[in-house]
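Numbers for residues simply follow the sequence, beginning at 1.
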Amino acid sequence: MKLYQATKWIRVGLIAAMTVIATPQVFAQDAGTRVAVVNSEKVFNESNLAKAMQTRLQNEFTKRQNDLRDSAQKIKSAAEKLDRDAAVMNEAERVRRQRELADQDRELQRKQREFTEDLNQRTFEERAKIAEKANAVLKQIAEQRKIDVIVQEAAYVSPKADVTDDVIKALNSQK
C-alpha cells in the first residue's frame, strides 16, 4: 500500500513537472510578438508639422542671423582696413583700433553663441511637440494593428514592419 501511494505521488509530480515545462512553450507559440519600426528622423524631416516647424524657426531667426552676418562682415572690413592703414598709423592709434576690433569680435562671438543656443532650444521645443503627436499616432497604429512593440531606428527593417510612412500620413491629416 505504501508503494502504491508513493507511485501515485511520483506520477502526480511527473505530470506537474511536465505541465510546468510544456505550458510556456504552448503560450509562446500562440502569442507571437508583433514588432514594427519607425524612422523618427524621417518623421521629423518629411511631415507637414516638421516643414511648418522649419518655416517658423526660419522666420523667427532669419533677422538675427542676417544681423550677425552683417556684423561679421563689418568686422572683417574693419580688420582689412586696419591692415592696410597700419603702416601709416602711429602705434597708439593702431593698438587702440586692434583692441576695438578684438572687443567687437568677442561681442560677435558671444552673440553667435547665444543665437546658436536659442536656435537649438527652440528646435528642441518644436521637435518635442512633434514627437508628442507622433507618439500618440504610434499608439493608435499599434492598437489598430495589434502591434506589441514599436522600435525606433533599427539596423534592418523589413518594409512590412516599417510604419514610418503611416505615421507621416496620420500626422499630415491632423489639423
Report task. Looking only at non-hydrogen atoms, find the nearest pair between Ile147 and Ala36 and report the distance. Result ->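 In terms of heavy atoms, the two residues are closest at CD1-CB, 3.7 Å.
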Report task. Would you name the heavy atoms of Leu49 and Lys133 that are closest together and state the gap between them? Result ->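 Distance-wise, the nearest heavy atoms are CD1-CD, 3.8 Å.
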Query raised in the report: Do you see a donor-acceptor pair shorter than 3.5 Å between the side chains of Arg56 and Asn59?
Result: no
Query raised in the report: Is a side-chain donor-acceptor pair under 3.5 Å present for Gln121 with Glu125?
Result: yes
[atom1]-[atom2] distance between [X] and [Y], expressed to the nearest 0.5 angstrom:
X      : Y      : atom1 : atom2 : value
Gln98  : Asp105 : CD    : CG    : 13.0 Å
Phe44  : Ile168 : CZ    : CD1   : 11.0 Å
Glu41  : Gln152 : CD    : CD    : 9.5 Å
Glu60  : Leu57  : CD    : CG    : 6.0 Å
Asn120 : Arg122 : CG    : CZ    : 12.0 Å
Leu108 : Arg69  : CG    : CZ    : 12.0 Å

**Report entry** Whether Asn135 side chain and Ala131 backbone form a donor-acceptor pair below 3.5 Å
**Finding:**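 Yes.
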Query raised in the report: Distance-only, no hydrogens or angles: does the Asp148 side chain make a donor-acceptor pair with backbone N or O of Arg34 under 3.5 Å?
Result: yes
[X] with [Y]: basic N within carboxylate O range, under 4.0 Å:
X      : Y      : result
Glu114 : Lys111 : no
Glu126 : Lys129 : yes
Lys42  : Asp162 : no
Asp67  : Lys63  : yes
Glu93  : Arg96  : yes

**Report entry** Val157 reachable from Val38 in the ILVMFWY side-chain graph, under 4.5 Å edges
**Finding:** no
Query raised in the report: Is there a path from Val137 to Val37 through hydrophobic residues (I, L, V, M, F, W, Y) whose side chains come within less than 4.5 Å of each other?
Result: no
**Report entry** Worked check of side-chain contact (heavy atoms from CB on, under 4.5 Å) between Gln104 and Glu107
**Finding:** CA-CA 5 Å; Gln104 291 173 0; Glu107 181 66 16; 5.7 Å; no
Do [X] and [Y] have side chains that approach each other closer than 4.5 Å (heavy atoms only, starting at C-beta)?
X      : Y      : value
Arg64  : Asp118 : yes
Val163 : Arg145 : yes
Val167 : Leu138 : yes
Arg113 : Arg110 : yes
Glu153 : Asn39  : yes

Requested in this report: Would you indicate whether Glu80, at its atom CD, is surrounded by more than 12 heavy atoms from other residues, nucleotides or ligands within a distance under 6.0 Å?
Outcome: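 Enclosed: over 12 neighbouring heavy atoms sit under 6.0 Å from CD of Glu80.
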Report task. Tell me, with the steps shown, if Asn48 and Leu171 meet side-chain contact (heavy atoms from CB on, under 4.5 Å). Result -> CA-CA 7 Å; Asn48 289 344; Leu171 284 173; over 6 Å; no
